[in-house]
Chemist: 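Following this message is one structure expressed as structure tokens.
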Amino acid sequence: MTAAAADSGDARVSSEACAVVGGGPAGLFAAETLLAGGRPVRLYDAMPSCGRKLLVAGNAGGLNITNAAPIDAFASRYGEAAPLFSGLLRDFSPDDLKTWLAGFGASCRTGSGGKVFPDGIGVRDLLDAWFARLSANPAFSFFPGHRFASLSRDGALGFETARGLVSARPAATVFALGGASWPATGSNGAWRESFASAGVAVAPFKPANCGYEADWDSYLAGRFTHVPLKNVAVRVGRESPVGNGPIEYGPILGEIMLTPYGVEGGPIYALGRAIRAAIEGSLSCELLVDLLPDRDAEWILARLTGAVSKDSLSNLYRKRLGLSSEAFALLRHADPEGHSLRDPMAASSLVKRVPIRLMRARPIAEAISSAGGISFDELDESLMLRRYPGIFCAGEMLDWEAPTGGFLLQGCFSTARRAANGVLEWLASRRI
Ligand SMILES: Cc1cc2nc3c(=O)[nH]c(=O)nc-3n(C[C@H](O)[C@H](O)[C@H](O)COP(=O)(O)OP(=O)(O)OC[C@H]3O[C@@H](n4cnc5c(N)ncnc54)[C@H](O)[C@@H]3O)c2cc1C
């Protein structure tokens, strides 16, 4: 590496200009808020273009940008960070996000589970229009190929570029560097080292909203080629963290995907925190799947009692209970000898609670999001680093997590609004 060129060439920063580092949705929205507040913005990103993970998100089944849940229920999806998000969601609410989208000529449609999607605009067009709107402002400039590498005590930023090291000394900075999943999009979490060297506590990244590997045998691994198991209810049992014996999380209704390695899908993501905690506590986690959530055990017992069939057991379960061959394969895995499956009383319990043993999460590179990041203890209410006045953080790089359903992007927008407003207030209070 060459010596740092102090704020050289096109990286020069005027004394009033703010820096935004990271051009995902959180960074772009922070930049927009700062510009609206009358501040020049210099946006830096390691990649040649912005919003690469947003593009992936939009291409993976449509851009689920927020959710229609009422605010308190919405905030509860952020787990331990719910009280904080209750305030953040009032700063920039799901309705505010819909109004913002309308500024691009997009309406919204609400799907199952309250998921809200932009209607009438694709993610590529949305990103292009957004970036064009920012670029049309003469106070905005974008510096691609600038990889943030260091933060100095005085707030100076160091970037690795193709020209060598470049430094900048903005009036204030919003970092929005993302998490550590899907590293090919630029969000590789490598910034963690730079913050740790600057004395900022960063919780280790862990995969969130991800698949989990199960103890499938070779038959199931070959049989489950991403097959959906529709209309099931999923629970997780684990020891209480405060030693009150076993507790159960769920049930979460929905569709899970059976894959060669294990399971994934909405209900699994929604139970992700409990699954991870169970695996961390006891090296595996028992997932309990109710194959017939609309029927009780008595109904199953009645359907199986006295059933005489020359058919195979799998045909019996298909004809009497309407179970698919994949559902039956799960029952077989749980009861290889078939003792319970031949006993209507035992079978009626098993169908309501088929155990699947989960061993580990899939690699973080495959996960939709990551847990971990900058600890909220390091930040004040305005999301400014306590040890670094004038340096703010937003988006997935903070230590929060939420399930899929629009909660991730809403969290990025709401934290970005808080951080950028924090910058505006902080600069105003110092008459900068
Ligand atoms: C497959 C998939 C589907 C998804 N679907 C949805 C969905 O439907 N709904 C939803 O709410 N969320 C979804 N998400 C999650 C959502 O995309 C992310 O939560 C969101 O993009 C995070 O925004 P961010 O701005 O915090 O970070 P990112 O979007 O990750 O952006 C971070 C930026 O920082 C840059 N950067 C990183 N390190 C450096 C560095 N050292 N120097 C300079 N720049 C750097 C990166 O290049 C990147 O541009 C999905 C994610 C994936 C992978």
Chemist: Check this for me, if you would: do R39 and E16 make a salt bridge, where the nitrogen-to-carboxylate-oxygen distance has to be below 4.0 angstrom?
Modeler: no

Chemist: Is the side chain of R192 donor-acceptor paired with the backbone N or O of V202 at a distance under 3.5 Å, no angle test?
Modeler: yes

Chemist: Rounded to the nearest 0.5 Å, how far apart are SG of C393 and CG of L383?
Modeler: 8.0 Å

Chemist: Roughly how far, to the nearest 0.5 Å, is the CZ atom of R169 from the OG atom of S152?
Modeler: 9.0 Å

Chemist: Could you state the interatomic distance from CD1 (I71) to CZ (F85), rounded to the nearest 0.5 Å?
Modeler: 12.0 Å

Chemist: Distance from S141 atom OG to L134 atom CG, nearest 0.5 Å?
Modeler: 11.0 Å

Chemist: In plain terms, say whether D91 and R417 are close enough for a salt bridge, that is, a side-chain N and a carboxylate O under 4.0 Å apart.
Modeler: no

Chemist: Do R223 and S325 pair up side chain to side chain, a donor and an acceptor below 3.5 Å, judged on atom types alone?
Modeler: yes

Chemist: Look up atom CZ in R235 and atom OH in Y249, then write down how far apart they are to the nearest 0.5 Å.
Modeler: 14.5 Å

Chemist: Using only atom types and a distance under 3.5 Å, with no angle test, would you say the side chain of N64 pairs donor to acceptor with the backbone of T66?
Modeler: yes

Chemist: Is a side-chain donor-acceptor pair under 3.5 Å present for S107 with K98?
Modeler: no

Chemist: May I ask you to decide if I279's main-chain N or O and S282's side chain share a donor-acceptor pair within less than 3.5 Å?
Modeler: no

Chemist: Using ring centroids (six-membered ring only for Trp), state whether F376 and W400 fall under 6.0 Å.
Modeler: no

Chemist: Any side-chain donor-acceptor pair under 3.5 Å between E366 and W182?
Modeler: no

Chemist: Just by modelled atom types, is the F92 backbone N or O under 3.5 Å from a matching donor or acceptor in the Q410 side chain?
Modeler: yes

Chemist: State whether the side chain of Y78 and the backbone N or O of F407 hold a donor-acceptor pair below 3.5 Å, judged by distance alone.
Modeler: yes

Chemist: Give a yes or no on whether a salt bridge exists between E425 and R430, defined as a side-chain N under 4.0 angstrom from a carboxylate O.
Modeler: no

Chemist: Is the shortest side-chain N to carboxylate O distance from D119 to R109 below 4.0 Å?
Modeler: yes

Chemist: Is the count of non-hydrogen atoms from other residues, nucleotides or ligands lying under 6.0 Å from K53 atom NZ greater than 12?
Modeler: yes

Chemist: To the nearest 0.5 angstrom, please state how far the CD1 atom of I391 sits from the CG atom of L157.
Modeler: 5.5 Å

Chemist: When you measure from the side chain of R276 to the backbone of K206, do you find a donor-acceptor pair of N or O atoms at a distance under 3.5 Å?
Modeler: no

Chemist: Are any side-chain N or O atoms of R133 and backbone N or O atoms of E32, one a donor and one an acceptor, separated by less than 3.5 Å?
Modeler: no

Chemist: Quick test of your reading of the model: are R386 and E378 salt-bridged, counting only N-O distances below 4.0 Å?
Modeler: no

Chemist: Does any N or O in the side chain of W216 come within less than 3.5 Å of the main-chain N or O of T259, such that one atom is a donor and the other an acceptor?
Modeler: yes

Chemist: Are W191 and F205 near enough that their ring centres are under 6.0 Å apart?
Modeler: yes

Chemist: For the CD atom on E280, are there more than 12 heavy atoms of other groups (residues, nucleotides or ligands in this structure) within a distance under 6.0 Å?
Modeler: yes

Chemist: Checking N209 against S369: is there a side-chain donor and acceptor pair closer than 3.5 Å?
Modeler: yes

Chemist: Can a donor-acceptor pair be found, under 3.5 Å and without considering hydrogens, that links the side chain of S93 to the backbone of R90?
Modeler: no

Chemist: Is S370 close to I364 at the side-chain level, that is, under 4.5 Å between some pair of heavy atoms?
Modeler: yes

Chemist: Would you say N59's side chain and L55's backbone share a donor-acceptor pair under 3.5 angstrom?
Modeler: yes

Chemist: Do I300 and L292 have side chains that approach each other closer than 4.5 Å (heavy atoms only, starting at C-beta)?
Modeler: yes

Chemist: Less than 4.5 Å apart, side chain to side chain, heavy atoms only: is that true for F131 and L28?
Modeler: yes

Chemist: Could you tell me whether the side chains of E193 and S197 share a donor-acceptor contact shorter than 3.5 Å?
Modeler: no

Chemist: Measuring only between side-chain heavy atoms, which start at C-beta, is R42 closer than 4.5 Å to F140?
Modeler: no

Chemist: Please confirm whether F143 and F159 have ring centers closer than 6.0 angstrom.
Modeler: no

Chemist: Could you label the plane-to-plane angle of the H146 and Y44 rings as parallel, tilted or perpendicular, counting under 30° as parallel and over 60° as perpendicular?
Modeler: tilted

Chemist: Between Y261 and Y212, does the ring centre distance come in under 6.0 Å?
Modeler: no

Chemist: Flag the pair L330 / F224 as yes when at least one side-chain heavy-atom distance between them is below 4.5 Å, and no otherwise.
Modeler: yes

